[in-house]
Amino acid sequence: MSESKDFLRTIVEEDLKSGKYNEVHTRFPPEPNGFPHIGHAKSICINFGIAEDYHGHCNLRMDDTDPTKEDTKYVEALKDAVEWLGFDWGNHVYYTSDYFPRLYDYAVELIKMGKAYVDSLNEEEIREYRGTVTEPGRRSKYADRTIEENLDLFERMKKGEFKDGEHVLRAKIDMSAANMKMRDPLLYRIRNVHHYRAGDTWHVYPMYDFAHCLSDYMEGITHSICTLEFENNRDIYDWVLNTLGLNSTRPYQHEFARLGINYTVMSKRKLLELVEGGQVDGWDDPRMPTIAGYKRRGYTPESILNFCDTIGIAKANSMVDVAQLEFCIRDDLNTKVPRVLCVLDPLKVRIENYEGSEEIDAPYYPHDVPKEGSRKLPFSKEIYIERDDFMENPPKDYYRLTPEQPVRLRHAYIITCKEVIKDANGNIVEIKAEYHPDSKSGSDSSGIKVKSAIQWVDAKTAKSIEVRLYDRLFSSEAPEGLEDLNPNSLQVINNALIEPAVITEKPDERFQFERQGYFYADPIDYSDEHPVFNKIVGLKDSWSKKAKVIKSEPKPQTKKVQVDGEIAPMSEAEEARFNKYTIELKLNSEVANTLARDEKLFHFYEEALLTLNSPISIANIVANEVARELKEKQIDELKFTATQIAQLVKMVDDETISNKIAKQVFEEMIESGENPTQIVEAKGLIQISDPAIISPIIDEVIAKNPDNVAKFKAGNSKLLGFFVGQVLKSTGGKANPQVVNELVAKKLK
RNA sequence: UGGGGUAUGGCCAAGCGGUAAGGCAACGGUUUUUGGUACCGUUAUUCGGGGGUUCGAAUCCCUCUACCCCAUCCA
């Protein structure tokens, strides 16, 4: 868990602390209609993670209420994903389909309560009757059916007496609800099809909104965590549970923003399209953002977990940079995997002054990775280096081999280029070089300075391998469809050369090919005869970045244009009040505006004025503090009165208390409805303005914070607030802040 | 246009009236036989805009703006 809590954990902690629940119980409720992707990983981490953190439970539940889309292969993929990520769902996987009988009973109960009815409008009519976001809907004539009729119909729906779409069961809520979801939502529809688990027993299937809340309830879920698009569904969630009277210990829904990653599509529909259209090689194609894809690509569960942890949980729609994910996998693999030498695009180098062969002992791990292990690196006259590690006419910053610049062969000798052999077309086909016998790695006495060490393989002993180089699937940052596909997302190299130990000793399944990236022995296509490696992710590469930077153009600066809308005009009465407030009572226009436009506020204000003639002070507190309370409440719901507010203001006016204390007192009044004078008296909140009392406190604060004093004196004037705050804190807020301010400023000058 | 949400550096994200956390990215430097890693440093006088309240506002009030979700017999 990171040091700052996310809002969900904050809620859970509060609920536990308040005793609302004794134990947290979450659930991860995917629909088995596709392979889980990294967005599901986020949800898995949240639900299982919270359960783990607070010693509760998390159920894995297949939300399988739509028989036309779901399949066993997807439930297997879901289970694999959760398991691979390292979470434990206990010994039971839950299925909404297991609740079909109980769900049916609940539906019958709703019908008996007169809260649900069988509607026989067709699909199009239902849509029409629903109205639009701005116009209310109207209720179907079938809503008047008697309970008996509804019961009979629903039972016959269940028995399969009707065709698909002939009838539906709907909740009787409100066809003119502002929340469209509440306009008599569908509870059950007829589906005369086979369900992958329930078989052919059912002809009616519950809808999400009906099944989900009840499933949560039946499993004893406390926190039903879902994504933002279900915010509107929360009202139904609560309606169903409340209407059925299921409110002893019951779950509540909380929503978070789903994960978005740039250069990636995350909708199951689009992912399915890619699979079915053959743009990728299945759900586990290493370019897919599916868990199966990442797994096949070579990502580790730890890296995904860590990614989910670093991106945070919030309610703002956001788009995470893929670089963040790539960082996580590099960071994980860096300390774990052996380094080996592999040449992807071989260029032959003939070392003219070397005869025979030898085996060089080379550690698998660099000095900064505390792991043991080494292998023998065969070396002889003929080797291969990476083609782009040699340049005939290099730019100034080029550190590798050139006709003038020697280079070290990693773990081996320094070589110098003697001759460049080209074919008829001018392509370099071979380098003739010389090695420096006294430059061997570990016992170098040559004194030659090189700028870099490059990877190489011995020609005779190197193994040929297939390497699959993956790049992002989409070239657009926010891909829409197939037109945004990156045509070069897969590059297959059939004859890369790798040092033999990787194949013969198999020290690991993941490797860093030095200076290139991290690679993974493909779990499916790899064989000893034909080794295949997937590129997981490249190393950070400040060279290719530098080389590219020349052609990158300065990005066009788009300044946000702020459009100011028109302010709604005032009614005549409002304007009259506004004028009275500004002219007669001398309120500033903003406060006058707030008061004049709000029915509740001006009533409250004018009533307070009756007790105390201090129009400006009262206006300020009413427009700023009371307004907050009156946002969601009526005046008669408040525990405090206008008269009490006037009393409070009076104490501020005559400087008995400071504004700061007034706010504190006001908070008390909201809770208890006690008189402000009593609160002040009981708590001894009378303001301290005597410099003789305040001064020593300031001295103490100054003595305790020498660093900040220095910073302040160096010109950081913001720190004044810090000192004032400290003094106020140690006086329980009672010190007169104005006096403190002046004194602090004087003392620190 | 009705309702429900959300706005803090290039990307995430803490913060809940008293010094604008942290990570990624970027840039500079040190170490380095990986142009990797590690380490050090730089990068928001300002929190979508404008007002107001307050000694003091990212935090409270008013207002405007932008974006997301809702009119599947999907979940």
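Chain identifiers are assigned alphabetically (A, B, ...) following the order of the sequence lines, protein sequences preceding nucleic acid strands; residue numbering begins at 1 within each chain. Just so you know, these numbers come straight off a predicted model, no measurement behind them.
In the set B:U65, B:C70, B:A75, B:A75 carries the atom at the smallest distance from any side-chain atom of A:Tyr208. Ranking B:C74, B:G50, B:U54 by closeness to the A:Glu590 side chain, first place goes to B:G50. Closest to the A:Asn659 side chain, of the nucleotides B:C55, B:G4, B:U6, is B:C55. Distances were taken from every side-chain heavy atom of A:Lys69 (C-beta onward) to each of B:C74, B:C11, B:C73; the shortest belongs to B:C74. Distances were taken from every side-chain heavy atom of A:Asn624 (C-beta onward) to each of B:C60, B:A75, B:C55; the shortest belongs to B:C60. Comparing B:C62, B:C70, B:U6 by their closest approach to the side chain of A:Thr594 singles out B:C62. Minimum atom distance to the side chain of A:Asn620 is reached by B:U53, of the listed B:U53, B:C55, B:G4. The listed nucleotides are B:C12, B:C62, B:C73; the one nearest the side chain of A:Leu186 is B:C73. Minimum atom distance to the side chain of A:Ser318 is reached by B:A13, of the listed B:A75, B:A13, B:C61.
Within the nucleic acid shown, A:Gly165 comes within 4.0 Å of at least one base atom, counting heavy atoms only. Using a 4.0 Å heavy-atom distance criterion, A:Asn233 is classed as a base contact. Looking at heavy-atom distances under 4.0 Å, A:Ser658 makes no contact with the nucleic acid at all. Using a 4.0 Å heavy-atom criterion, one finds that A:Asn588 contacts the sugar-phosphate atoms exclusively. Nucleic acid contact for A:Val591: sugar-phosphate only, since backbone atoms but no base atoms lie under 4.0 Å from a heavy atom of the residue. The residue A:Asn122 sits close to a base: some heavy atom pair falls under 4.0 Å. Heavy atoms of A:Leu121 sit under 4.0 angstrom from at least one base atom. Contact annotation for A:Lys315: backbone-only contact, meaning every heavy-atom pair under 4.0 Å involves sugar-phosphate atoms and none involves a base. If you check every strand for non-hydrogen atoms under 4.0 Å, A:Tyr188 touches nothing. A:Val133 comes within 4.0 angstrom of a base, heavy atoms only. As judged by a 4.0 angstrom heavy-atom cut-off over every strand, A:Lys631 is placed among residues touching the sugar-phosphate backbone only.
Taking the six-membered ring for Trp, A:Tyr205 and A:Tyr188 have ring centres at least 6.0 Å apart. Aromatic ring centres of A:Tyr581 and A:Tyr605 lie closer together than 6.0 Å. Aromatic rings of A:Tyr208 and A:Phe230 (six-membered ring for Trp) have centroids within the 6.0 Å cut-off, being under it. Here the two rings, on A:Phe519 and A:Phe511, have centers that are 6.0 Å apart or farther.
Donor-acceptor pairing under 3.5 Å, judged by distance alone, is absent between the side chain of A:Asn593 and the base of B:G52.
For the pair A:Glu514 and A:Arg410, the salt-bridge criterion is met [side-chain N within less than 4.0 Å of a carboxylate O].
The shortest distance between side-chain heavy atoms of A:Met207 and A:Leu187 does not fall below 4.5 Å. Looking at heavy atoms from C-beta onward, A:Lys734 lies out of side-chain contact with A:Gln687 at the 4.5 angstrom threshold. Counting heavy atoms from C-beta on, the side chains of A:Ile702 and A:Leu748 come closer than 4.5 Å. Counting heavy atoms from C-beta outward, A:Tyr413 and A:Ser441 have side chains that stay 4.5 Å or more apart.
Taking the ring axis of A:Tyr129 as reference, the NZ or CZ atom of A:Arg138 stays within 45° of it and closer than 6.0 Å to the ring centre.
Taking atom P in both B:G52 and B:A21, one finds a spacing of 27 Å when rounded to whole Å. B:G9 and B:G18: their C1' atoms are spaced 23 Å apart (whole Å). For the C1' atoms, the distance from B:U19 to B:C11 is 26 Å, rounded to whole Å. Separating the P atom of B:G36 from that of B:U32 is a span of 14 Å, rounded to the nearest Å. Annotation: B:A25 and B:U63 have their P atoms spaced 43 Å apart (nearest Å). Rounded to a whole angstrom, the distance from the C1' atom of B:G22 to that of B:C64 is 33 Å. Here, B:C69 and B:A57 have their P atoms 36 Å apart, quoted to the whole Å. Between B:G23 and B:C73, the distance separating the two P atoms is 48 Å to the nearest Å.
Across all strands shown, B:C47 remains unpaired; no Watson-Crick or G-U wobble contact has both distances below 3.5 Å. Judged by Watson-Crick or G-U wobble contacts below 3.5 Å, the nucleotide B:A57 has no partner. Remark: B:U1 base-pairs with no nucleotide in the shown strands. Criterion, Watson-Crick or G-U wobble with two distances under 3.5 Å. Pairing for B:G41 goes to B:C27, judged as Watson-Crick or G-U wobble with the two contacts each under 3.5 Å.
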Would you mind building the protein contact string for nucleotides 32-43 of chain B? One character per nucleotide, 5' to 3', B for base within reach (heavy atoms under 4.0 Å), S for sugar-phosphate only, - for untouched.
-> SBBBBB------
Expected string for nucleotides 15-20 of chain B under the B/S/- scheme (protein heavy atoms, under 4.0 Å, primed atoms plus P, OP1, OP2 as sugar-phosphate) is --BBBS
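Residue-to-nucleotide proximity on RNA chain B shows that, of A:Asp209 and A:Phe7, the 5′-proximal contact is made by A:Phe7. For the pair A:Ala314 and A:Val563, nearest-nucleotide mapping onto RNA chain B gives the more 5' position to A:Ala314.
Regarding the sugar-base torsion, B:U46 falls in the anti class, its angle being beyond 90° of 0.
In terms of heavy-atom proximity, A:Arg597 sits nearest to A:Glu574 at O-OE2, 3.7 Å.
For A:Gln324, no side-chain nitrogen or oxygen approaches OP1 or OP2 of B:C24 to under 4.0 Å. Here A:Arg130 reaches the OP1 or OP2 of B:C73: one of its side-chain N or O atoms lies under 4.0 Å away. Remark: A:Arg189 is not in phosphate contact with B:U72, judged by side-chain N or O atoms under 4.0 Å from OP1 or OP2.
In this entry the distance linking OH of A:Tyr74 with C1' of B:A75 reads 15 Å, nearest Å. For the pair A:Asp309 CG and B:A14 P, the computed distance is 12 Å after rounding to whole Å.
Summarising the local packing, NZ of A:Lys371 is surrounded by more than 12 heavy atoms from other residues, nucleotides or ligands at distances under 6.0 Å.
A:Glu255 meets the side-chain hydrogen bond (donor to acceptor under 3.5 Å, both in side chains) test with A:Arg234, A:Gln253; sequence neighbours excluded.
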